[in-house]
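These notes concern the structure reproduced below.
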Amino acid sequence: MEYNFRDIEKKWQQRWVEQKTYQVSEKSDRQKFYVLNMFPYPSGAGLHVGHPLGYIATDIYARFKRLQGFNVLNPMGYDAYGLPAEQYAIQTGQHPEVTTMQNINRYREQLDKIGFCFDWDREVRTCDPGYYHWTQWAFQKMFNSYYDNDLQKAQPIEQLISHLESKGTEGLNVAESESLVLTADEWNGMDEKQKSDTLMNYRIAFMGETMVNWCAGLGTVLANDEVVDGVSVRGGYPVEQKKMRQWCLRVSAYSQRLLDGLDTINWSDSIKETQRNWIGRSEGTEVEFQVADSDKHFTIFTTRADTMFGVTFMVLAPESELVKELTTPEQKAAVEEYVKYVAGRTERERQIDHKVTGVFSGSYAINPFTGEKNPIWISEYVLAGYGTGAIMAVPAHDSRDYAFAKHFNLPIIPLIEGCDVSEESYDAKEGIVCNSPREGVTPYIDFSLNGLTIKEAIAATKVYVKEHKLGRVKVNYRLRDAIFSRQRYWGEPFPVYYRNGIPTMMPEECLPIELPEVDKFLPTETGEPPLGNAVCWAWDEANRRIVDNKLIDNKTVFPIELYTMPGFAGSSAYYLRYMDPHNDKALVSEEADSYWQNVDLYVGGSEHATGHLIYSRFWNKFLFDLGISRKDEPFQKLINQGMIQGRSNFVYRIKDTNTFVSLGLSKGYDVTPIHVDVNIVSNDILDVEAFKAWRPEYNNAEFILEDGKYVCGWAIEKMSKSMFNVVNPDMIVEKFGADTLRMYEMFLGPVEQSKPWDTNGIDGCHRFLKKLWGFFFDREGNLQLADAEPTKDELRSIHKLIKKVTEDIENFSYNTSIAAFMICLNELGQLKSRNRQIMEQFVILMAPFTPHLSEELYEVLGHATSVCDAQWPSFNEDYLKEDSVKMMISFNGKARFPMEFPADADNASIEKAVMENPQTAKYMEGWVLNKIIIVPKKIVNVVLKK
RNA sequence: GCCGAAAUGGUGGAAUGGUAGACACGAGGGACUUAAAAUCCCUUGGGCAUAACGCCUGUGUGGGUUCGAGUCCCACUUUCGGUACCA
């Protein structure tokens, strides 16, 4: 009887739904296990074979854990807000909700065919009001919180307000945009608007006037991780820097906790390292510089405090507030022109050419160590957003300062003994300090670094600076606050209205504030975001509801925020929502949260390292501070599945003809390689007739064949429609079945590794499943199992498998456990085994990989319950013991011949047997025995000397 | 530039410091069949042999540690990710 995978898979998929096999509840005595995939954005193109890779890996682990007795949560949902749906809406007028729902349905259809054990009752969609209710809610909580640096924790804003009321900013150690100094009287004397503006300096969700990545092509601002190489990740439009009023999240407040938390979680070193770099902690010193002939002063940040004596000029960022202040009247025109030039440069231009540009401000700063007057320059190589936006330049020991000094002919003072700075700067942090101060120069201060190592010099300078109140030790982080508003339609609306220009939160009980309908998805004619097109988008404060715009009177009816939230808003806490997805009273109930805790295993691509995986950790830490989330870190273990690349095929057309020449013969011709649809190529052999039918222009194509076949070339490229190398999982399921697809995707190689999809090898897995089927049934369909007690050989074979598969699944080494299945089945085949007990264990071991087939065979074996509720077999070491062991005899490390010994042979008897073996004498000729090294069950190495 | 990962047959990939190339694909040969499909068996890193199934060589390159190195150490080359005027 044939292995009819179509009927089997259909039958079990139906039964799983009917019997709610995958429904889980937190009301369980069993230990919990939470596995999670990064939920997909449902794109219009549907799933290709690369998408399910991570889902299958997770599914196998989830099923394995369930068989081991855990109560496993394995949910799935959709990250449904996003740009592509909106772009499509702008082009076609189709509402993004309509296309999004279509795409979701298509995804679901495709996912259902692969046989996942998702609990679909827990599905979430970020665009669902019941879901984004809690996104809005969290935003309001962030608005109403500030970050206390002493407690390292978010606190209610009311506490800060009462502090300001009684003490002003005195004794305040909190995360802030800029450090303000206020007395209690000053605070109490402020009007409502001033107070609101001041609090924005402290709120965790705040409105700030900041430099943003403005993408004109998309008509919106973007977060740093959404910009790569100066262009937008989506669409590749140029991005420029622009100062705009935006909602921001004070992610930077959590920098240290985000850094420290990395040590407590089980993620790959490379991802942790990427996050550490992104957070970019740097310990340094802030030093005050007095401006010459003026009472003005400013602060710089440096990690090289040891180089104070080598400063020859100062540099300000062109966007710095200091520029205006320090420019002298004579230089005003030149500086203004330069600032204008820099403003006109896009991010991309700045990144591509590092041109040395700059202008002199006219002012000088007094070096507190040397007393020298250093000219203050303005240059784009200093960034406004990092440190203080001002630096001290030490051209001898910083390559950027060096290039600048060379270009503008500024002095260069070497500070390390023996370093040569005639051609380039000496950036290394090694050597002995000299010229600090220089010989022959009257010391300005009583302080010398000469003779110290750089490390010592940095430490000594820090102490000096602190003691003499010249500055302070400071830790800087590269991590920036996240820009949290987007000028788009298809996102979560802000639950905020403007009460006389003051951003005001709508009452918590009124959430969710639903996304209004608009007739156009483009910005309004006056340049407002798309929500400006909404007719019904005003807040009636008294009646606490949304009303028509026309009613706005700014007395009782006020305008509502037109911005929407960015993509990461909805994806930051979705793992909590899965625990309790239908709760309309809370993000997650205490009961569900304390049972499920956090995600034990998270699987997704490493491209989210500096985006989602930072935001999510931040968001979770905030909720942890609020007592909502139980764990400080949301994802305990992270596996980054590799990308599935495409394997493209090429045909070779001889130039200016319609003749195609096979790969092996193409060298003799002048040919153009042309991508050909991989679906009409099999094992690199082109289906010539299908090719002719593929495109009209190939109707009358001619071919030069080799051995009667047309062999195609191939290359590994990104999987994309334009390369004709997209392989769809539905087609594979249709042809080979879901179990084969699941198995083959895992057989391709380690989950974490990127690899090309090659349909060619799938036959091997399919054949294996057919073979397994053949173990149960003969040609006529009669069950051919024996009820006998298993033999020793059978037991050894299956227990070897149990051991291997159990260990491999724990290590996500799925490809090797599949190999083990194949080996075991071959062994059982050689033993002519049809033992019922053995096969039952085999079927259970296979269940995570091939759930449909395992269910069917489990039923055939006479079980009325699902194989999901079977018990994972445990192995017995006793069965693994062999009667005899084969060992390789080697001489001086070179393997020579094998010998067999009784399993319990001791070293002495092995040595004796080896030395008595006639072959040994041959290899020992001309040598003297030195020693014999015996590696149990592996090798006997006879070490010889002359 | 900096950080990270990797490099093994025609291909995907296996190898707690212990017979390198498991398992699979592909390829070649054979069996069954009128034929094809399906299935099964044999061979398959390279070279030299094939009278003697034996010898040599082989995991990016060059060194080192070790009785023994794909694996550990040092230097280099290449590839792929990430990141970048972050002071």
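Hydrogens, waters and symmetry mates are skipped; everything else that's a heavy atom, side chains included, is used.
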Suppose you measure atom [atom1] in [N] against the same atom in [M]; what distance do you get, rounded to whole Å?
{"N": "B:C42", "M": "B:C25", "atom1": "P", "result": "14 Å"}
{"N": "B:U8", "M": "B:U79", "atom1": "C1'", "result": "15 Å"}
{"N": "B:U77", "M": "B:U61", "atom1": "C1'", "result": "7 Å"}
{"N": "B:G58", "M": "B:G21", "atom1": "P", "result": "16 Å"}
{"N": "B:U66", "M": "B:C74", "atom1": "C1'", "result": "16 Å"}
{"N": "B:G68", "M": "B:A15", "atom1": "C1'", "result": "16 Å"}
{"N": "B:C40", "M": "B:A49", "atom1": "C1'", "result": "32 Å"}
{"N": "B:G17", "M": "B:C23", "atom1": "C1'", "result": "24 Å"}

Legend entry - Closest-nucleotide ordering on RNA chain B, the 5'-leading residue of A:Lys770 and A:Glu607: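 By nearest-heavy-atom nucleotide position, the 5'-most residue is A:Lys770.
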In whole angstrom, what separates [X]'s [atom1] from [N]'s [atom2]?
{"X": "A:Phe775", "N": "B:U39", "atom1": "CZ", "atom2": "P", "value": "15 Å"}
{"X": "A:Lys894", "N": "B:C55", "atom1": "NZ", "atom2": "C1'", "value": "11 Å"}
{"X": "A:Leu316", "N": "B:A87", "atom1": "CG", "atom2": "P", "value": "18 Å"}
{"X": "A:Leu944", "N": "B:U66", "atom1": "CG", "atom2": "C1'", "value": "16 Å"}
{"X": "A:Asp269", "N": "B:G81", "atom1": "CG", "atom2": "P", "value": "20 Å"}
{"X": "A:Ile934", "N": "B:G68", "atom1": "CD1", "atom2": "P", "value": "18 Å"}
{"X": "A:Tyr402", "N": "B:C85", "atom1": "OH", "atom2": "C1'", "value": "17 Å"}
{"X": "A:Arg896", "N": "B:G68", "atom1": "CZ", "atom2": "P", "value": "14 Å"}

When the side chains of residues 300-309 of chain A are checked against the rest of the protein, which donor-acceptor pairs come out under 3.5 Å, sequence neighbours left out?
residue: A:Thr302; atom: OG1; partner: A:Arg304; partner atom: N; Å: 2.9
residue: A:Arg304; atom: NE; partner: A:Asp306; partner atom: OD1; Å: 3.0
residue: A:Arg304; atom: NE; partner: A:Asp306; partner atom: OD2; Å: 3.4
residue: A:Arg304; atom: NH2; partner: A:Asp306; partner atom: OD2; Å: 3.1
residue: A:Thr307; atom: OG1; partner: A:Arg304; partner atom: O; Å: 2.7

Inset, instruction - Could you tell me whether A:Asp269 and A:Arg276 have a side-chain N and a carboxylate O separated by less than 4.0 Å? - result: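 Judged by the 4.0 Å cut-off on N to carboxylate O distance, A:Asp269 and A:Arg276 do not form a salt bridge.
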Inset, instruction - Identify whether the distance between the nearest side-chain nitrogen and carboxylate oxygen of A:Glu288 and A:Arg472 falls below 4.0 Å. - result: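 Looking at A:Arg472 together with A:Glu288, the answer is yes, because their closest N to O distance falls below 4.0 Å.
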Inset, instruction - Have a look at A:Val382 and say if it touches a base, only the backbone sugar-phosphate, or nothing, with a 4.0 Å heavy-atom cut-off. - result: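 If one applies the 4.0 Å heavy-atom cut-off, A:Val382 turns out to touch a base.
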Inset, instruction - Check every strand shown and say whether A:Arg480 touches a base, only sugar-phosphate, or nothing at a heavy-atom separation below 4.0 Å. - result: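 Base contact - A:Arg480 has a heavy atom under 4.0 Å of at least one base atom.
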Legend entry - Geometric cation-pi criterion A:Arg647 and A:Trp757, 6.0 Å radius, 45° cone: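 The answer is no; the distance or angle limit is not met.
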Legend entry - side chain to side chain donor-acceptor pair (under 3.5 Å) contacts touching residues 819-831 of chain A (sequence neighbours left out):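 Applying side chain to side chain donor-acceptor pair (under 3.5 Å) to every pair that reaches into residues 819-831 of chain A, excluding sequence neighbours, yields A:Lys771-A:Asn826, A:Ser797-A:Glu827, A:Lys800-A:Glu827.
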Please state whether the rings of [X] and [Y] are parallel, tilted or perpendicular, taking 30° and 60° as the class boundaries.
{"X": "A:Tyr923", "Y": "A:Phe891", "answer": "parallel"}
{"X": "A:Phe298", "Y": "A:Phe289", "answer": "parallel"}
{"X": "A:Phe777", "Y": "A:Trp773", "answer": "tilted"}

Legend entry - Torsion-based syn/anti label for B:G45, 90° from 0 as limit: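 Nucleotide B:G45 adopts anti.
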Inset, instruction - Identify all stems in which RNA chain B takes part, counting only runs of at least 3 consecutive pairs (Watson-Crick or G-U wobble, each distance under 3.5 Å), and give each as one range with another, ordered by first number. - result: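 Correct response: B:1-7 with B:77-83, B:10-12 with B:23-25, B:26-31 with B:39-44, B:45-48 with B:54-57, B:60-64 with B:72-76.
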Inset, instruction - For each nucleotide in nucleotides 9-26 of chain B, reading 5' to 3', give B when a protein heavy atom comes within less than 4.0 Å of its base, S when such contact involves only the sugar-phosphate, and - otherwise. - result: ---BSSSB-BB--BBSSS
Inset, instruction - List for me each residue that meets side chain to side chain donor-acceptor pair (under 3.5 Å) alongside A:Thr920, sequence neighbours excluded, and say none if there are none. - result: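 Residues passing side chain to side chain donor-acceptor pair (under 3.5 Å) with A:Thr920: none at all.
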Inset, instruction - Please determine if a side-chain N or O atom of A:Tyr386 lies less than 4.0 Å away from the OP1 or OP2 oxygen of B:A87. - result: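 A:Tyr386 to B:A87 OP1/OP2: side-chain N or O found under 4.0 Å.
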Is it true that the side chains of [X] and [Y] contain a donor and an acceptor less than 3.5 Å apart?
{"X": "A:Gln919", "Y": "A:Arg896", "answer": "no"}
{"X": "A:Asp684", "Y": "A:Asn649", "answer": "yes"}
{"X": "A:Thr816", "Y": "A:Ser813", "answer": "yes"}

From the options [options], select the nucleotide whose nearest atom is closest to the side chain of [X].
{"X": "A:Arg478", "options": "B:G82, B:U83, B:C67", "answer": "B:U83"}
{"X": "A:Ser270", "options": "B:G4, B:A84, B:C85", "answer": "B:G4"}
{"X": "A:Tyr381", "options": "B:C67, B:G82, B:C85", "answer": "B:C85"}

Legend entry - Test applied, ring-ring contact (aromatic ring centres under 6.0 Å, His included); reference residue, A:Phe821; option that passes from A:Phe842, A:Tyr814, A:Phe747: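 Of the listed residues A:Phe842, A:Tyr814, A:Phe747, the ring-ring contact (aromatic ring centres under 6.0 Å, His included) partner of A:Phe821 is A:Phe842.
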Legend entry - Contact residues, residues 300-309 of chain A to RNA chain B [heavy atom, < 4.0 Å]: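 A:Phe301, A:Thr302, A:Thr303, A:Arg304 - these, ordered by number, are the residues of the stretch whose heavy atoms sit under 4.0 Å from the strand.
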